Amino acid sequence: MDQYIIKGGNPLVGEVEIAGAKNAALAILAAAIMTDDTVLIENLPDVRDINVLLEAIAEIGAKVDRINRSTVRINGSTIQDISVDYEYIKKIRASYYLLGALLGKYKKAEVPLPGGCNIGSRPIDQHLKGFRALGAKVDIINGAIVAKADQLHGSHIFLDMVSVGATINIMMAASMAPGRTIIENAAREPHVVDVANLLNCMGANIKGAGTDVIRIKGVEKLHGTEYSIIPDQIEAGTFMFAAAATRGDIMVKNVIPKHLEATTAKLEEIGCEVEEFDDAVRVVASKRLRRTHVKTLPYPGYPTDMQPQIAVTLALAQGTSIVTESIFENRFKYADELARMGANIKVEGNTAIIDGVEKLSGARVSAPDLRAGAALVIAGLAAEGITIVDDIVYIQRGYENFEHKLRSLGAEIERVSSEKEIQKFKLRVG
Ligand code: EPZ
């Protein structure tokens, strides 16, 4: 299994280009099959989850033509199968977006129930509640969700909690459900807006995306379009915290600063200088950072996908910080790994209490999930000595060319897969 080996201590300095947003792209690829015309999608991140979902879309019979790493042409006119294979849902939960897309277009869909994952049980009851409200019969048969409807119809749906996935999945199905649908308590994430914008470019009639009330007027057909994915605010924030934790100076390019406001506010609160440009942000951390309290919330609150990254940064800050995770029930699995690097972190329920230390020391750690894995890399970059991160396949699910981008900022990091390569790295860096 591949690992990252890191020699910490270098402040990260320079410029980095942010790729397209993984969590927008996954839903947009699913939505693209809702027309029999061709949809051209640009600014795709070249990450494992995207490549797996493209395989799932090809598997059900759609034409998938990968023009290059970041561009794909999809045509859903040749779809033969409305049932998605278990191997895809096992690899990426977001294959469940094909439920809303297939149900909206074909009035039937079959997708295996996604399991939980490393950050929590992650039920999809709100997705199913929305499909039923739109007139679909939804059953769980042999571990698969089987949804079908003679005809879908508009509905007034109140989500019991803010759910990005449920908002997007219901929005897709409702876009082709005759009548008017209102989704109350909708998620407001930028990627929800991106999916709504794509659907509207395909001829849908969706208003209010980005607010907590989305209004949809169902249309009979959708048509082809060309669309470019928004930049990934989570990848951007990850590099912003890499600058903060290593006392660096990074210009993060190709971002939408508005999408980063909660992250920027916290970085400034702990003592970073953040300068905003039209499509870039510059983060400078010249001195030891200060403690803070942070609680994860649905957008525009502080993002849960940035929770491990701020925690590892606060591990080196002056004072005691409190990090509260209000979205997922099990998103502190990295805490024990971080403690092995010398951090003083204590998890009580959904709260981590972090007493900042002067320094972290390199150790062998294991990535428990995507964002925690990236955060442990940040910890290794800030630590003294050598850190080896195992199970980096999690990180490759959501970060394009992660080690290359970090190396371009002066990081001593390599992807290795043998003891020999580890020794070679150690010899080289001394
Ligand atoms: C999306 O997951 C993202 N994944 C997650 O990013 C992100 O952490 C999350 O939104 C919150 O922003 C993708 O977009 C592919 P939710 P999603 O539905 O849609 C509960 C990453 O690192 N819930 O907003 O699954 C759920 O258990 C990943 O890129 C229900 O109870 O998140 C959670 O506690 C990790 N029933 C809360 O709501 C439901 O039917 C929010 O989940 C749906 C959700």
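Here the structure is a predicted model, which is why all the values come from computation and not from measurement. The first residue of the sequence shown is numbered 1, and numbering continues consecutively from there.
- S321 places a side-chain N or O within donor-acceptor distance of the main-chain N or O of T292, the cut-off being under 3.5 Å.
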query: Between R48 and Y394, is a side chain to side chain donor-acceptor pair (under 3.5 Å) present by the stated rule, with each step listed?
result: CA-CA 9 Å; R48 189 173 161 279; Y394 284 113; over 6 Å; no

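- When the shell of 6.0 Å around CG of D150 is examined, it contains 12 or fewer heavy atoms from other residues, nucleotides or ligands.
- Heavy-atom neighbours of R180 CZ from other residues, nucleotides or ligands within 6.0 Å: at or below the threshold of 12.
- By the 6.0 Å contact criterion, NZ on K63 is enclosed, its count of non-hydrogen atoms from other residues, nucleotides or ligands being greater than 12.
- Residues S163 and Q126 bring no donor and acceptor atom of their side chains to less than 3.5 Å of each other.
- No side-chain donor-acceptor contact under 3.5 Å links T351 to the backbone of T324.
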- prompt: Checking side chain to side chain contact (heavy atoms under 4.5 Å, CB included) for the pair L134/I157: CA distance, chi angles, key distance, verdict?
  reply: CA-CA 9 Å; L134 294 172; I157 300 162; 4.2 Å; yes

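- Partner of I33 under the side-chain contact (heavy atoms from CB on, under 4.5 Å) criterion, out of L222, N75, I60, V64: I60 alone.
- For K129, the NZ atom is densely surrounded, since the number of other residues' heavy atoms within 6.0 Å is greater than 12.
- The shortest distance between side-chain heavy atoms of Q233 and P190 falls below 4.5 Å.
- Using a 4.5 Å heavy-atom threshold, the side chains of I256 and L260 count as separate.
- Using a 4.0 Å cut-off between charged nitrogen and carboxylate oxygen, R282 and D249 count as a salt-bridge pair.
- Within the model, atoms CG of L99 and CD of E110 stand 9.5 Å from one another, a figure rounded to the nearest 0.5 Å.
- The heavy-atom pair separating A262 from P303 by the smallest distance is CB-CD, 4.3 Å.
- A distance of 5.5 Å separates CD1 in I216 from OG1 in T181, rounded to the nearest 0.5 Å.
- We find that R188 and D212 are not joined by a salt bridge, their nearest charged nitrogen and carboxylate oxygen being 4.0 Å or further apart.
- Taking the charged nitrogens against the carboxylate oxygens, E403 and R407 have no contact shorter than 4.0 Å, which rules out a salt bridge.
- T35 places a side-chain N or O within donor-acceptor distance of the main-chain N or O of D37, the cut-off being under 3.5 Å.
- Looking at E400, its side chain does come within 3.5 Å of a backbone N or O of D46 through a donor-acceptor pair.
- Under a 3.5 Å cut-off, the side chain of E412 and the backbone N or O of N10 do not form any donor-acceptor pair.
- Taking the six-membered ring where tryptophan is involved, the planes of Y299 and H259 are perpendicular, since the angle between them exceeds 60° and thus also 30°.
- For the pair L53 and Y97, the minimum side-chain heavy-atom distance is 4.5 Å or more.
- For R66 (side chain) and R69 (main-chain N/O), a donor-acceptor pair under 3.5 Å exists by modelled atom type.
- Residue I250 is tested with V284, V13, L409, V281 for a side-chain contact (heavy atoms from CB on, under 4.5 Å); the sole match is L409.
- Atoms CD1 and CZ, from I395 and F402 in turn, are 6.0 Å apart once rounded to the nearest 0.5 Å.
- For the pair P368 and K333, the tightest heavy-atom approach, listed with the atom from each and the gap, is CB-CB, 3.8 Å.
- Of the residues listed (R331, Q307, K295), the one engaging E325 in a side-chain hydrogen bond (donor to acceptor under 3.5 Å, both in side chains) is Q307, and it is the only one.
- Of all heavy-atom pairs spanning M240 and T264, the tightest one is CE-OG1, 3.6 Å.
- In this structure, D305 CG and T238 OG1 are separated by 8.5 Å, a value rounded to the nearest 0.5 Å.
- Other residues, nucleotides and ligands place no more than 12 heavy atoms under 6.0 Å from the CZ atom of R215.
- The closest donor-acceptor contact from the side chain of T211 to the backbone of G208 lies under 3.5 Å.
- Across every non-hydrogen atom of P114 and I124, the tightest pair is CD-CD1, 3.9 Å.
- Using modelled atom types, one side-chain atom of D194 and one backbone atom of I230 make a donor-acceptor pair closer than 3.5 Å.
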query: Can I28 and V195 be said to form a side chain to side chain contact (heavy atoms under 4.5 Å, CB included), step by step?
result: CA-CA 6 Å; I28 282 171; V195 180; 4.1 Å; yes

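- Looking only at side-chain heavy atoms (C-beta outward), F239 and I18 come within less than 4.5 Å of each other.
- Two residues are said to be in side-chain contact when any heavy atoms from C-beta on lie closer than 4.5 Å; V16 and L406 fail this criterion.
- Between the side chain of N200 and the main chain of I206, a donor-acceptor pair closer than 3.5 Å is present.
- Pairing each heavy atom of N350 with each of S326, the nearest pair is ND2-CA, 4.4 Å.
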query: Given the rule in the salt bridge (Lys or Arg N to Asp or Glu O under 4.0 Å) test, do K137 and D139 qualify, once you have shown the distances and angles that lead to the verdict?
result: CA-CA 7 Å; K137 187 174 178 307; D139 299 300; 2.4 Å; yes

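- Relative orientation of the Y334 and F332 rings is tilted, given thresholds of 30° and 60° on the angle between their planes.
- More than 12 heavy atoms of other residues, nucleotides or ligands lie within 6.0 Å of NZ in K91, so this atom counts as buried by the packing criterion.
- In this structure, I229 and A24 approach most closely via the heavy-atom pair CG2-CB, 4.0 Å.
- Looking at heavy atoms from C-beta onward, D279 lies out of side-chain contact with N254 at the 4.5 angstrom threshold.
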message: Assess the residue pair Y4 and T387 against the criterion (side chain to side chain contact (heavy atoms under 4.5 Å, CB included)); give the C-alpha distance rounded to whole Å, side-chain angles, the decisive distance to 0.1 Å, and a yes or no.
response: CA-CA 8 Å; Y4 282 141; T387 294; over 6 Å; no

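- R371 contributes no side-chain N or O that, together with a main-chain N or O of M306, makes up a donor-acceptor pair within less than 3.5 Å.
- Inter-residue side-chain proximity for M34 and M176 is flagged as met; some heavy-atom pair is nearer than 4.5 Å.
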field: Full working for side chain to side chain contact (heavy atoms under 4.5 Å, CB included) between T296 and V294
entry: CA-CA 7 Å; T296 65; V294 59; 5.8 Å; no

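- Once rounded to the nearest 0.5 Å, the distance linking CG of L29 with CD1 of I50 reads 5.0 Å.
- Counting heavy atoms from C-beta outward, V213 and I183 have side chains that stay 4.5 Å or more apart.
- Of the inter-residue distances, the one linking K105 atom NZ with S175 atom OG reads 11.5 Å to the nearest 0.5 angstrom.
- E337 has a carboxylate O that lies under 4.0 Å from a charged side-chain N of R340, or vice versa, which qualifies the two as a salt bridge.
- Remark: D160 CG is packed, more than 12 non-hydrogen atoms of other residues, nucleotides or ligands lying under 6.0 Å away.
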task: Take D232 and K22 through the salt bridge (Lys or Arg N to Asp or Glu O under 4.0 Å) test and state the conclusion after the steps.
output: CA-CA 7 Å; D232 193 318; K22 165 181 84 81; over 6 Å; no

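- D391 and S366 are linked by a side-chain donor-acceptor pair at a separation below 3.5 angstrom, with hydrogens and angles left out of the test.
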